[in-house]
Every structure is written in C-alpha cells, then in structure tokens.
Amino acid sequence: MKALYTYFIENISADIRGSLLSGQSFRWNYYQDSEQKYFGVIGDDLFILENNEDDWYTVTTTKKFSCDEEFHEFIGFYFSLDINPDDLFPAGFSEQYPGIWRLIKPYLGIKVLRQNAFETLVTFMCAQGLGMNIIRRQISYLTREYGKEHTVDIAGKPFTYNSFPSPETLAGIAPDSLQLCTNNNCIRATNIIKAAYSVATGQLDLEDLQDPDMPLETSRERLSAHSGIGNKIADCVLLFGLHRFSAFPIDTHVRQYLATWFSIDKALQSLTQKNYLFLQEEVSRILNPEFAGFAGHILFHSWRKEVKHLTSF
DNA sequence: CTCCAGGACACTT
DNA sequence: AAGTGTCATGGA
C-alpha cells in the first residue's frame with residue numbers, strides 16, 4: 001500500500017483541464033466525476049489534481065518529492081511551463097486571423113504534455129482509425145491487463161491504479177491476447193508487440209530520438225520504419241512523447257481545420273506522402289515552425305470543441 | 001445500412 | 001515517385 005503526499009501549485013498559468021483532457025493523453029480522467037478534480041498516472045505514481053480557486057491546485061500523489069522546488073520542477077517539465085505562450089503563434093497571427101483567434105483564445109492555456117515516449121508510442125498505435133472514446137477504453141484495458149497494479153489508501157478506501165505496461169511485458173505477449181486491447185484488431189496488436197520488442201531490445205532507442213539535435217526527419221524515419229507507424233503516428237509520438245514541439249501530425253480533424261480556417265484546399269484531397277509533406281510545408285508558413293505542433297494541438301482542440309462540438313476527450 | 005473514427009500499406013501507373 | 005484502392009472494427 002502506497003502512501004500519499006500533498007503539494008500545492010500556486011498561480012499556474014496553464015489550462016490544466018484542457019491540457020489533461022484534450023486527446024494528447026488517455027491516462028487522465030475526472031476523479032469522482034468532479035469537473036474540478038482530475039486523476040492520472042505518471043510512471044508508477046498516481047496524481048490527483050484538485051482545482052481550488054482560479055489557478056491554484058492541490059496535488060495529492062504517491063510520488064515523494066524531496067522538496068517543494070523539486071515538485072515544481074517536475075510539474076513545470078510535465079506541463080511544458082518553460083515554453084513561452086507568446087512564442088506559439090507568430091506575431092500578427094491574431095490580426096491576420098481574427099475569427100480563428102476568437103475561437104482559440106479560450107484554449108491558449110493548453111500545454112503539450114511531456115509524456116513518456118513508450119506510452120505515447122503504444123497509445124497512438126492503438127489510436128489508429130478509432131474515436132477518442134474507444135481509444136480511451138483500449139488504453140484502460142491495456143493498463144489494467146498488463147500494467148503493474150498499485151493500491152493506495154484514499155480516505156480509508158483502497159484505490160487501485162495501474163502503471164503503463166513496460167516494453168518487455170508487451171514484447172512477450174501473444175497477439176490474440178493483446179487483441180482485446182486493440183479493438184479486436186489482430187494486425188494492430190501484432191504491430192504493437194513488434195514495436196515493443198524493438199524498444200525492449202534497444203533496436204529502437206527512444207532516448208536517442210528525444211535528442212533535440214537529431215533532425216526531425218531522421219527521428220520520424222526511425223519510427224515509421226516500423227509497421228503500423230506512418231507519418232501521422234510518428235509525428236504524434238514526436239510531439240507528445242519525444243517533446244519535439246515542431247512535429248505537426250495531420251489527421252482527419254487537422255485536415256478539416258486546415259481547409260476551413262486556412263483555406264488550404266489540398267487538405268481535403270487524399271493524404272498521400274507528398275500531400276502530407278506539402279501540408280506541413282504550408283503550415284510552417286502560417287505557424288511558428290519551431291512550435292507548429294504545439295500550436296497545432298491548440299488548434300486541434302479548439303476545432304473539435306468550438307466547431308465540431310465534440311464532447312469526447 | 002451507411003458513415004465515421006487522431007491511418008497504414010500494398011498495389012498499379 | 002506518385003496516385004489509387006484496400007484493409008480493419010466497433011459504434012452512432
């Protein structure tokens with residue numbers, strides 16, 4: 001049974017809810033159905049974030065920090081607080097696209113989380129061609145089935161949660177077993193097991209890919225060399241799991257907003273390799289290339305919420 | 001029954 | 001190299 005520790009976040013300038021529940025992680029949820037309280041797992045630790053007032057949060061966690069400073073460093077890293085929000089969109093963006101700016105303004109506090117690379121890799125391999133709700137369910141199955149279980153005493157009641165399964169664990173299971181966690185898709189289960197094996201054996205070194213000095217194209221090629229990983233999933237892993245904020249994944253929603261908001265007609269044509277790269281090139285002229293993916297995630301979420309009115313997260 | 005969901009890949013030109 | 005069709009599965 002793990003112990004709990006309490007820390008405080010004071011005056012944080014970030015949209016915590018939006019960051020946790022905008023489809024970049026599927027490991028966070030409302031706690032006890034409270035809109036002000038979120039819980040999730042980072043590594044082997046449970047985190048419960050409770051919004052007190054405005055930008056103040058109480059954090060209850062199984063992770064013991066040696067001091068307050070270490071806690072804030074951890075939070076700052078996870079929520080990318082080191083990234084200046086003013087750098088995300090180029091100067092003049094709000095004047096050039098006032099209509100879009102009005103829609104995304106409530107979401108400018110959303111941060112791209114610095115998540116674990118392997119988790120992100122598996123998560124987005126699962127996500128292919130599925131809706132958010134189903135993805136969430138699959139990841140939940142996956143962690144419950146193969147992740148190490150922990151129990152913690154919360155107000156006298158035992159609360160269980162699971163770590164994300166390790167590469168070694170996933171590498172060693174049978175496809176027809178994992179299939180339950182991949183919407184009964186055996187091909188996808190096989191691909192995930194292969195990728196996990198590749199990570200477990202060191203053939204795919206995710207630490208390497210995290211190196212900011214490695215060209216983005218090289219990182220992407222290393223990832224998409226694996227079956228089941230194309231441009232889009234590779235870019236998602238780069239952005240959400242390898243902390244490469246320039247990586248700009250293009251999916252069905254992104255295509256829609258590129259066409260509607262930025263009048264890029266080619267966004268609606270078939271997404272061939274050439275067209276995919278062309279669209280990224282176009283985007284690099286609209287957004288700040290260094291943070292294209294970061295800004296793109298804000299646009300993505302705004303589009304889903306404000307235009308499509310989707311409630312899944 | 002049709003269409004959609006944070007696509008990938010083999011197979012023609 | 002580039003474009004086109006196919007695959008896969010559950011949910012609305």
Side-chain angles (χ1 to χ4, degrees), chain A residues 18-28 107 110 112-113 115 119-142 175-176 178-195 198 220-242 244 247-261 265-281 283 292-313:
Chain A
S19 304
L20 299 178
L21 304 175
S22 55
Q24 58 176 315
S25 170
F26 299 95
R27 294 286 277 149
W28 290 91
Y107 303 99
I110 289 180
V112 170
L113 304 173
Q115 299 181 77
E119 270 193 49
T120 312
L121 176 68
V122 175
T123 300
F124 281 93
M125 285 184 80
C126 280
Q128 184 206 100
L130 301 179
M132 294 281 202
N133 286 326
I134 300 181
I135 298 169
R136 194 165 269 280
R137 194 179 66 193
Q138 301 307 327
I139 298 302
S140 175
Y141 286 166
L142 184 71
D176 60 346
L178 183 64
Q179 197 173 319
L180 298 168
C181 307
T182 57
N183 212 34
N184 288 323
N185 189 321
C186 191
I187 298 172
R188 196 169 306 167
T190 305
N191 286 337
I192 289 172
I193 292 167
K194 282 188 191 165
S198 186
R220 180 158 58 188
E221 281 167 21
R222 297 259 182 100
L223 289 168
S224 55
H226 298 72
S227 61
I229 303 177
N231 283 327
K232 188 268 171 183
I233 292 180
D235 281 333
C236 281
V237 177
L238 287 167
L239 175 61
F240 300 121
L242 296 164
R244 305 290 297 265
F248 189 89
I250 300 174
D251 70 358
T252 155
H253 295 110
V254 174
R255 291 169 72 184
Q256 291 171 23
Y257 80 62
L258 287 180
T260 309
W261 282 349
D265 296 337
K266 277 200 169 186
L268 294 180
Q269 293 175 13
S270 87
L271 204 52
T272 63
Q273 174 82 7
K274 185 184 175 187
N275 197 14
Y276 190 94
L277 297 176
F278 169 81
L279 293 175
Q280 287 191 327
E281 187 64 29
V283 165
F294 202 127
H297 183 64
I298 292 175
L299 291 164
F300 167 83
H301 188 64
S302 307
W303 173 261
R304 284 175 45 87
K305 286 295 198 186
E306 297 297 315
V307 181
K308 304 294 283 185
H309 302 292
L310 295 173
T311 52
S312 58
F313 52 84

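Predicted, not measured: the structure shown is a model, and the values here were computed from it. Convention: sequence-line order gives letters A, B, ...; per-chain numbering from 1.
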**Asked** side chain to side chain donor-acceptor pair (under 3.5 Å) between A:Gln273 and A:Asn231: does it pass, once the steps are laid out?
**Response** CA-CA 8 Å; A:Gln273 174 82 7; A:Asn231 283 327; 2.7 Å; yes
**Prompt:** Does a donor on one side chain sit under 3.5 Å from an acceptor on the other, for A:Asn183 and A:Tyr141?
**Reply:** no
**Request:** Just do the ring-ring contact (aromatic ring centres under 6.0 Å, His included) check on A:His301 and A:Phe313 with the steps written out, would you?
**Result:** CA-CA 9 Å; A:His301 188 64; A:Phe313 52 84; 9.3 Å; no
**Prompt:** What nucleotide, of B:dA8, C:dG11, B:dA5, holds the atom closest to the side chain of A:Ile134?
**Reply:** C:dG11
**Asked** When the nearest nucleotide of DNA chain C is assigned to A:Leu130 and to A:Lys274 on a heavy-atom basis, which residue is associated with the more 5' position?
**Response** A:Lys274
**Request:** Name the closest nucleotide to the A:Ser227 side chain, picking from B:dC9, B:dA5, B:dG7.
**Result:** B:dC9
**Message:** For A:Thr260 and A:Gln256, which I'm curious about, is there any donor-acceptor pair between the side chains at under 3.5 Å?
**Reply:** no
**Message:** Base, sugar-phosphate or nothing for A:Thr252? Non-hydrogen atoms, less than 4.0 Å.
**Reply:** sugar-phosphate
**Message:** Classify A:Ile233 by what it touches in the nucleic acid, base, sugar-phosphate, or nothing, heavy-atom distance under 4.0 Å.
**Reply:** sugar-phosphate
**Request:** Could you measure between the two P atoms, the one in B:dA8 and the one in C:dG11, and give it in whole Å?
**Result:** 22 Å
**Request:** Say whether A:Arg304 and A:Ser312, considering side chains only, have a donor N or O and an acceptor N or O under 3.5 Å apart.
**Result:** yes
**Request:** Measure from the side-chain heavy atoms of A:Gln128 and tell me the nearest of C:dT4, B:dG7, C:dG10.
**Result:** B:dG7
**Item:** Candidate list A:Phe300, A:Trp303, A:Trp261, test ring pair (Phe, Tyr, Trp, His ring centres under 6.0 Å), partner A:His253, passing option
**Value:** A:Phe300
**Asked** How is A:Leu271 classified with respect to the nucleic acid when contacts are heavy atoms under 4.0 Å: base, sugar-phosphate, or nothing?
**Response** nothing
**Request:** State which residues pass salt bridge (Lys or Arg N to Asp or Glu O under 4.0 Å) with A:Arg255; sequence neighbours excluded, sorted by chain then number.
**Result:** none
**Request:** Answer with base, sugar-phosphate or nothing: what part of the nucleic acid does A:Arg137 contact at a heavy-atom distance below 4.0 Å?
**Result:** sugar-phosphate
**Fill in**
So, with a heavy-atom separation below 4.0 Å from DNA chain C, the residues of residues 180-193 of chain A are A:Asn183, A:Asn184, A:Asn185, A:Ile187
**Prompt:** Going by heavy atoms closer than 4.0 Å, what residues in residues 298-305 of chain A are next to DNA chain C?
**Reply:** none
**Request:** Mind calculating the distance between CD (A:Gln138) and C1' (C:dT9) to the nearest angstrom?
**Result:** 10 Å
**Prompt:** If you draw the axis of the six-membered ring of A:Tyr107, does the NZ or CZ of A:Lys305 fall within 45° of it and under 6.0 Å from the ring centre?
**Reply:** no
**Prompt:** So, do A:Ser25 and A:Glu119 sit near enough that their side-chain heavy atoms are less than 4.5 Å apart?
**Reply:** no
**Asked** C:dG3 phosphate, OP1 or OP2: any side-chain N/O from A:Ser270 under 4.0 angstrom?
**Response** no
**Message:** What's A:Gly228 touching, base or sugar-phosphate or nothing? Going by heavy atoms closer than 4.0 Å.
**Reply:** sugar-phosphate
**Request:** Quote, to the nearest angstrom, the P distance that separates B:dA5 from C:dT4.
**Result:** 22 Å
